[in-house]
Amino acid sequence: MESYDFKKIEKKWAQKYEEFSGYRGIDVENDKEKFYMLTEFPYPSGSGLHVGHAFAMTAADVYARFQRMQGKNVMFPMGWDAFGLPTENFAIKSGKNPKEITKEVTDNFRYQMKNLGFSFDWDREINSTSPEYYKWTQWIFTKLFEKGLAEKKEMPINWCPKDKIGLANEEVIDGKCERCGTEAEKRTISQWVVKITDYADRLINGLYDTEFIEKVRAAQINWIGKKEGVKIRFKIKNKEIIGWIPDQVGNDSKEADFDIDEIEVFTSRPDTLEGATFLVLAPEHPIVQELRNSRTQELKKIEEFLASIKNKTEIERTDLTKEKSGVFTGLTAINPITGKEIPVWTADYVLMSYGTGAIMAVPSHDERDKEFALKYKLPVDDEYIPDEKMIGEVIRRGVGDKAVTYHLRDWIFSRQHYWGEPIPMVYCENCAMDVVDTGGRGGPPLQGGWQVVPLEQLPVVLPEVEKYLPTDTGESPLANIKEWVETTCPKCGGKAKRETDTMPNWAGSDWYFLRYCDPHNTDVLADQKKMEYWLPVDVYVGGDEHNTLHLLYSRFIYQFLWDLGVVPKNIPEPYKKRVSHGVILGPDGNRMSKSKGNVIVPDEFVEKYGADSLRTYLMFMGPFDATMAWNERSLIGVKRFIEKFYNLIGTYAGKDTVSDVESKRILNKLIKRADENLVAFKFNTVIAKLMETVNALSKPGFRVNADDLGSMIKVLAPFAPFVAEELWEKIGGEFSLHGQPWPEVDEKYLVDEKVKVSVAINGKMRAVIEVAAGAEESEVVTLAKLEEKVAKYLNEGKILKTIYVKDRMLNFVME
RNA sequence: GCCGAGGUGGCGAAAUGGUAGACGCACUAGCUUUAGGAGCUAGCGGGAGCAAUCCCGUGGAGGUUCAAGUCCUCUCCUCGGCACCA
């Protein structure tokens, strides 16, 4: 038999698999159990598929192949999540069209994936940037709007004053613009916001219908961060300082835009209310903002303070190790229980996005409040005792109500960028006049003029532009295309303007798993019957970085579609099981990055050692969810194993018709281990067992027939599909190995005739004896006492008791 | 800071509360004379000993148990996520 020629083998079978139907999921095959295996569709970047992708996808592929061999109808699809900043930035730099860039890059990714032998169902390939796909992404948004879950709001963004563009968090390095180094600012602009918070409770409760690994479930629950407590209202004593605004001359005064005579705080510890000695407002709190228009004596200090914290991130502001800063607002409030007058401050450590944006400070109880009180010499009340009955008291007196707050915030859905789905909305001045919707505050109508683009007019196709850079005003470059912006109102037919913001990357990935069920449908996002068959996703493999945002957004969208009746009523949650994969570090033990020059690209190693070796190595590196450093020597070791396997089959093939009992034992133990560990994503130990098996059977004296060799090849098949197929052919198997049933364990070969029992004295191992399997305690004790070493220790004292664990160990407890 | 995960040989790692270090890499010795990242045999946690064997050993300190890497308490350290990267 010739030696292992991976290039020849992989080329030969890759060609055959192009025509192979066994990797296609069959839409509605009721005779078979379905299995929907999903792995995150990648963002196709210019540098190609890297080894991290290869790792996650190999694991998913191994699992999908294993499920297929269990006789299931497996859907294992792949696609491209191709909208996003890196492509846009590359387009800006190179002047190339993002559409063309995406085409080149996805072609490369697909080629790499095929080289790696992934058994994706390519008939279901999707691309989030194709109009046929984003038509439905847009449609979902129109539904969100119609159901009142999307609205325009003033929201802060990072802003570079020099480049005059909005910046992503990632583009702000140490508070500076990544491109030009200018200090970034916070700026408020009108943005689309989606009210995911309306679904907060359902997003928590739904988790109990899933089998997510505990870590992921915890991540989601913590992210939603539900906290029950009380909202307490503190009367403002001197509200007149807010309500007084100077006119242009500076003499007369007029009323503020809104009237406020109390401050509402949220607390999860109302029992400490008596100890509240001051209040703190978030700097963004409307009262603080209103004070800036007033002529309070503190104005200058307030302005200085606001300027000083303007560019701090929330993480910096809430970091307990960093010094807090704040300033007195000039306002005085009244503690509703003690009746005492307490000062109102504003400080960076209170966030507008949580609770009511205001807290009651209890320095005697809360570390942060204490630190702040000490720094600014604010009163501390050490005397009071927290009182459980305070909740009742607060409610009875009408100064507060039970309330729930969430860490989860509404989802900012607008991006002022080109390379995203256009938000399918049109603003009509004319219609705006008809609707009096002032957002409750007076002023111009907010939502009334917005009209959704109806389904018949979808998709709103992303137009070609000259320049991909955002405009000077921070608007998307789409704003420069007059003929596109100017349109007619779908409601009144008059002149109207299109929204020029695009959607965030998440929009396309929220629902992609639905589209895989029916990727070519032109009438609906996917056919109900098909979704009913395939859903829920049985296993979803992804990274930790997506365990909160992507996973939560996508569960939210699913629940929303469920409410609309668009997805099957009997399936309330989209994903049955979520598992998160580990990370591959560079050879130097650091995270892979271009700047460190430690990025591993799989192609090179496919070329050098073959896809089978690479895949098997990736699965052998360590636990599926661990962080592991790349090591080429180890990969070479795995290749040696595959060569050994190849040679082993070669020496046995066709020689014997009967396997000996010892070989049967070894093989059945292998299958048992593979069964148990594959289900549990413990791939590394399956490969270790395969290695042990090959090592054992490579020793002389074994007889193994073709059937048993076949079983062994089947265990290898999910990991090293090409060479396994080749070996399967060599032993006379029928194409394709990957459609064959998984081998069954023959229980009778799992029982050994003799077992090794370790003998301990007072818990210390002193000897190992061989006894017949299933031997009784008395028998084993007798045998153990015959052992010279054991007898020596037993002679030294009295046996108090013996403990025997069948077929495993015997412990003599002595004085 | 908050939340989460994790600390086991020179390295990657195995271990239903029951012989710690399976399997792989590296290394050492011997064989083989091997064009191509070779192959085979043996060894390989630390210490003592010619040896049989004995002692120590899973970040650290306590505890539970006949028995602890595994369970409990405290502690130290490392890594990951943190809402406009995807």
Side-chain angles (χ1 to χ4, degrees), chain A residues 3 40-43 45 81 83-86 89 155 157-158 166-172 191 196 214-216 218-219 221-223 225 313-322 349 353 368 407-417 504-506 509 543-550 552-553 580 582-583 585 589 591 608-609 617 620-623 625-641 643-644 682 684-685 687-692 695 756-768 789 800-805 808-814:
Chain A
S3 62
E40 286 166 356
F41 65 159
Y43 179 81
S45 78
D81 185 19
F83 275 132
L85 263 192
N89 286 337
M155 292 304 245
I157 59 161
N158 300 308
L167 299 173
N169 283 349
E170 204 187 47
E171 295 174 301
V172 181
Q191 310 218 62
I196 186 174
E214 203 40 50
K215 171 183 168 179
V216 176
I221 288 173
N222 290 332
W223 191 254
T313 67
E314 290 197 351
I315 291 177
E316 283 169 352
R317 281 171 54 180
T318 52
D319 190 332
L320 282 187
T321 59
K322 298 245 164 78
Y349 76 104
S353 51
R368 291 162 303 179
H407 170 256
L408 180 68
R409 319 208 279 253
D410 284 330
W411 175 13
I412 301 176
F413 208 79
S414 285
R415 299 291 183 271
Q416 292 71 44
H417 285 281
N505 196 269
W506 312 109
S509 58
D544 281 341
E545 69 277 22
H546 292 132
N547 283 343
T548 44
L549 296 183
H550 160 68
L552 204 65
Y553 290 151
S580 61
V583 176
L585 305 175
R591 214 149 241 276
K608 262 167 112 173
Y609 309 108
Y617 164 62
F620 181 63
M621 285 178 88
D625 57 355
T627 305
M628 302 155 292
W630 175 262
N631 180 347
E632 188 173 347
R633 296 298 325 178
S634 238
L635 165 53
I636 293 166
V638 170
K639 181 168 182 251
R640 278 206 279 264
F641 152 70
E643 274 165 359
K644 230 173 157 179
K682 291 164 94 173
N684 55 335
T685 54
I687 294 163
K689 194 73 186 170
L690 267 168
M691 287 171 170
E692 269 185 74
N695 290 345
K756 282 176 179 167
V757 170
S758 34
V759 182
I761 318 285
N762 282 337
K764 272 202 194 293
M765 295 307 153
R766 295 300 178 184
V768 178
K789 268 172 68 182
L800 295 177
K801 62 173 167 178
T802 58
I803 288 158
Y804 179 57
V805 181
R808 280 190 168 269
M809 67 96 58
L810 174 69
N811 190 14
F812 290 105
V813 184
M814 316 239 335

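Chain letters run A, B, ... following the sequence lines, proteins first and then strands; every chain starts at 1. Please read all numbers here as calculations on a predicted model, not as lab measurements.
When the P atom is compared between B:A42 and B:G37, the two are found 26 Å apart, to the nearest whole Å. When the P atom is compared between B:C25 and B:G6, the two are found 28 Å apart, to the nearest whole Å. Taking the C1' atom of each, B:A68 and B:C72 are spaced 11 Å apart, rounded to whole Å. A distance of about 12 Å separates the C1' atoms of B:G9 and B:C27, rounded to the whole Å.
Ring geometry for A:W506 against A:H550 counts as parallel: the plane angle stays under 30°, on a 0 to 90° scale with 60° as the upper cut.
With rounding to the nearest 0.5 angstrom, the OG1 atom of A:T627 is 8.5 Å from the CG atom of A:D544.
When all heavy atoms are compared, the tightest approach of A:F413 to A:P504 is O-CD, 2.9 Å.
Taking every side-chain heavy atom of A:N695 into account, B:C23 is the closest of B:C23, B:A86, B:U16. Nearest to the side-chain atoms of A:R640 among the listed nucleotides B:G39, B:C40, B:C66 stands B:G39.
For A:M765 and B:G69, the CE to P distance is 11 Å, given to the nearest whole Å. One interatomic measurement links the two molecules: OH of A:Y609 to P of B:C25, which rounds to 13 Å at whole-angstrom precision. Distance, A:E643 CD to B:G37 C1': 11 Å, rounded to whole Å. Nucleotide B:C79 holds its P atom 18 Å from the CG atom of A:D625, rounded to whole Å. In this structure, the NZ atom of A:K639 is 17 Å from the P atom of B:G24, given to the nearest Å. If you measure from atom NZ of A:K764 to atom P of B:A68, you get 9 Å, rounded to the nearest angstrom. Residue A:L585 contributes atom CG, which lies 11 Å from atom P of B:C79 at whole-angstrom precision. If you take NZ of A:K608 and C1' of B:G37, they are 8 Å apart, rounded to a whole angstrom.
Applying the 3.5 Å distance criterion, the base of B:A86 shares a donor-acceptor pair with the side chain of A:H546. Side-chain atoms of A:N169 stay outside donor-acceptor range of the base of B:C84, with no qualifying N/O pair under 3.5 Å. Donor-acceptor pairing under 3.5 Å, judged by distance alone, is present between the side chain of A:Q191 and the base of B:C84.
Among residues two or more places apart in sequence or in another chain, the salt bridge (Lys or Arg N to Asp or Glu O under 4.0 Å) test is passed with A:E643 by A:K639. Here A:K789 pairs with nothing under the salt bridge (Lys or Arg N to Asp or Glu O under 4.0 Å) rule; sequence neighbours left out.
In this structure B:G9 sits in the syn conformation; its chi angle is within 90° of 0.
The side chain of A:K682 contributes an N or O atom lying less than 4.0 Å from OP1 or OP2 of B:A15. Residue A:N684 places no side-chain N or O under 4.0 Å from the OP1 or OP2 atom of B:G24. Of the side-chain N and O atoms in A:R766, one or more sit less than 4.0 angstrom from OP1 or OP2 of B:C54. Distances shorter than 4.0 Å separate some side-chain N or O of A:R633 from OP1 or OP2 on B:A26. Between A:N547 and B:C3 there is no side-chain N or O to OP1 or OP2 distance below 4.0 Å.
Where A:N631 and A:H417 each meet RNA chain B at their nearest nucleotide, the meeting point lying more 5' is that of A:N631.
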